[in-house]
Amino acid sequence: MDLPPLSLVTPKVIRQGDPLSPFLFLVVMKALSSILYKAGRDGWFKGIKTPNNGPIISHLFYADDALLIGEWDKDNVLSVARCLRIFYLCSGLKINLHKSNLYGMGVEDDDIKDMAKVVGCNTDNIPLSYLGIKVGANMNRISNWTSIVEVFDKRLSVWKAKSISMGGRLTLINALLESLPIYYLSLYKIPVGVIKMLEAKMRKFL
């Protein structure tokens with residue numbers, strides 16, 4: 001089959017929401033992961049050593065979300081900035097630093113701001129939210145489960161109880177119990193007070 005002239009070939013643009021987008025993100029983020037891995041192997045970027053002879057963690061990726069973890073050191077931060085620059089030069093994809101935050105554990109706020117200027121990103125405080133999970137908070141406190149309770153309040157509203165049958169209410173409750181809390185419970189142990197609070201809301205809904 002004859003191919004059309006090169007000047008007549010129109011490139012296709014992948015828009016946000018396209019089913020192919022997650023796969024392309026995985027391919028591209030694999031390249032960034034390789035850059036960070038090589039930087040760690042050569043001693044340019046120092047990740048966090050896990051206890052009991054565990055692996056060194058330097059980055060966690062999920063689709064287009066990236067979490068970089070390393071020792072608090074200016075040279076380490078500069079290495080991250082260099083890795084991101086290399087990634088941009090190789091792929092043409094630039095990290096949106098205006099949507100990126102720098103966090104520091106056990107570090108003064110002024111030091112965090114100074115480091116953020118090196119990268120050109122924003123600063124924020126711990127606990128942080130990553131993939132819908134609160135990270136760095138004391139999850140033994142009932143107050144840190146507010147987001148789960150708010151979701152139950154929103155989904156199990158009184159008007160829904162009046163508009164659907166008893167079977168529909170049970171189906172909705174089962175869907176909530178199988179998705180929202182289990183996502184948190186895969187990492188954290190839920191306090192007894194939160195369990196009683198959610199049970200009371202379910203009984204009220206029924």
Side-chain angles (χ1 to χ4, degrees), residues 1-50 53-107 109-137 147 179 183-184 186-187:
M1 183 175 65
D2 295 333
L3 295 176
L6 183 61
S7 59
L8 298 180
V9 176
T10 303
K12 298 296 183 179
V13 178
I14 302 297
R15 300 184 180 276
Q16 187 174 6
D18 191 285
L20 190 58
S21 296
F23 175 75
L24 293 179
F25 270 121
L26 290 176
V27 174
V28 174
M29 296 304 279
K30 178 63 177 179
L32 178 56
S33 177
S34 298
I35 293 173
L36 293 171
Y37 173 77
K38 180 174 175 53
R41 185 190 62 188
D42 295 343
W44 292 102
F45 179 50
K46 301 176 183 177
I48 300 298
K49 177 68 175 179
T50 55
N53 295 321
I56 297 177
I57 300 177
S58 60
H59 57 279
L60 299 172
F61 291 160
Y62 183 81
D64 60 338
D65 287 318
L67 179 64
L68 306 183
I69 308 170
E71 296 181 5
W72 188 262
D73 182 77
K74 186 174 183 179
D75 291 337
N76 221 25
V77 176
L78 286 172
S79 295
V80 170
R82 294 189 185 104
C83 289
L84 296 179
R85 176 64 177 171
I86 293 172
F87 174 71
Y88 167 64
L89 294 174
C90 294
S91 66
L93 298 177
K94 192 173 184 180
I95 303 297
N96 190 343
L97 296 177
H98 296 292
K99 294 184 178 180
S100 303
N101 296 319
L102 179 66
Y103 301 87
M105 296 186 64
V107 183
D109 291 341
D110 292 338
D111 292 338
I112 299 176
K113 292 179 181 178
D114 292 339
M115 287 290 193
K117 292 178 181 178
V118 174
V119 183
C121 63
N122 303 316
T123 62
D124 203 353
N125 298 320
I126 293 177
L128 59 97
S129 179
Y130 181 66
L131 301 179
I133 291 285
K134 187 176 291 186
V135 180
S147 58
S179 58
Y183 187 45
Y184 261 76
S186 62
L187 292 176

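- A distance-only check finds a donor-acceptor pair linking the side chain of K49 to the backbone of G54 [under 3.5 Å].
- The backbone N or O of H98 lies less than 3.5 Å from a partner atom in the side chain of N122, making a donor-acceptor pair.
- Rounding to the nearest 0.5 Å places CG of L102 at 11.0 Å from CG of L97.
- Proximity of a side-chain donor or acceptor of S33 to a complementary backbone N or O of M29 within less than 3.5 Å is not detected.
- Closest approach of W44 to N76, counting heavy atoms only: O-OD1, 3.8 Å.
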| said: Could you go through F45 and V80, starting from their C-alpha distance and side-chain angles, then the distance that decides it, and tell me whether this counts as side chain to side chain contact (heavy atoms under 4.5 Å, CB included)? | reply: CA-CA 7 Å; F45 179 50; V80 170; 3.3 Å; yes
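- Looking only at side-chain heavy atoms (C-beta outward), L36 and L68 come within less than 4.5 Å of each other.
- Note that SG of C90 is 10.5 Å distant from CZ of R85, once rounded to the nearest 0.5 Å.
- Going from atom OG of S100 over to atom CG of L84 covers 8.0 Å, rounded to the nearest 0.5 Å.
- Remark: the backbone N or O of P55 is paired with a side-chain donor or acceptor of T50 at under 3.5 angstrom.
- Side chain of D73 to main chain of D75: a donor-acceptor pair is present (N/O by atom type, distance under 3.5 Å, no hydrogens or angles).
- The minimum heavy-atom distance between A39 and C83, with the atom names listed, is CB-SG, 3.7 Å.
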| field | Intermediate values then yes/no, side chain to side chain contact (heavy atoms under 4.5 Å, CB included), Y103 and I69 | value | CA-CA 10 Å; Y103 301 87; I69 308 170; over 6 Å; no
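- Going from atom NZ of K117 over to atom OG1 of T123 covers 10.0 Å, rounded to the nearest 0.5 Å.
- Once rounded to the nearest 0.5 Å, the distance linking CG of N125 with CG of N101 reads 10.0 Å.
- Note that CG of L32 is 4.0 Å distant from CZ of F61, once rounded to the nearest 0.5 Å.
- Enclosure of atom OH in Y37 is not indicated, since only 12 or fewer non-hydrogen atoms of other residues, nucleotides or ligands lie within 6.0 angstrom.
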